[in-house]
Amino acid sequence: MPAATLHDGRVIEMEIHGAGPVVLLPVNPKPGDEGPQAEEMRKWGADPSLGHSLVAGLSDRFKVRHAL
C-alpha cells in the first residue's frame with residue numbers, strides 16, 4: 001500500500017483512486033452520514049460525507065490520493 005512520510009518521520013498509509021494529474025486530499029474518504037458526530041457537523045453546516053464526495057467526484061479526471 002502506498003504511504004507518505006511526514007516531516008517528523010511518521011508514516012501515513014494512503015489510497016489512490018483514478019488516473020491523471022495527482023491531487024492530495026486531506027479528507028476522510030468514508031461516508032459519515034449517521035451518528036452523533038454527523039448530526040453535530042450538520043448543525044454547523046458541514047457535510048459529514050464531504051471527503052467521500054470529493055474523492056468520488058474528482059477521481060474521473062484526477063489521480064486522487066488520501067490518507068487512511
Side-chain angles (χ1 to χ4, degrees):
M1 177 164 290
T5 303
L6 302 178
H7 69 282
D8 62 1
R10 289 183 294 156
V11 176
I12 299 175
E13 291 186 0
M14 305 179 78
E15 282 187 1
I16 300 173
H17 300 270
V22 175
V23 177
L24 177 60
L25 298 176
V27 298
N28 182 353
K30 298 177 184 168
D33 292 336
E34 299 176 11
Q37 184 177 6
E39 291 305 317
E40 190 65 26
M41 290 178 74
R42 284 189 190 92
K43 287 179 187 176
W44 289 92
D47 178 2
S49 293
L50 179 61
H52 175 76
S53 298
L54 285 170
V55 170
L58 292 171
S59 62
D60 65 334
R61 295 185 188 174
F62 298 94
K63 183 182 287 187
V64 181
R65 295 179 181 209
H66 60 81
L68 294 176

Separation between [atom1] of [X] and [atom2] of [Y], rounded to the nearest 0.5 Å:
X   : Y   : atom1 : atom2 : answer
I16 : L24 : CD1   : CG    : 10.0 Å
R42 : S49 : CZ    : OG    : 7.0 Å
L25 : M14 : CG    : CE    : 9.0 Å

Determine, using the 4.5 Å side-chain heavy-atom cutoff (strictly less than), whether M41 and L50 are members of one ILVMFWY cluster.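 No.
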When you measure from the side chain of H52 to the backbone of P29, do you find a donor-acceptor pair of N or O atoms at a distance under 3.5 Å?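 Side chain of H52 to backbone of P29: a pair is present.
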Heavy atoms only: give me the nearest S59-H17 pair and the separation to one decimal.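 Taking every non-hydrogen atom into account, CB-CB, 3.9 Å.
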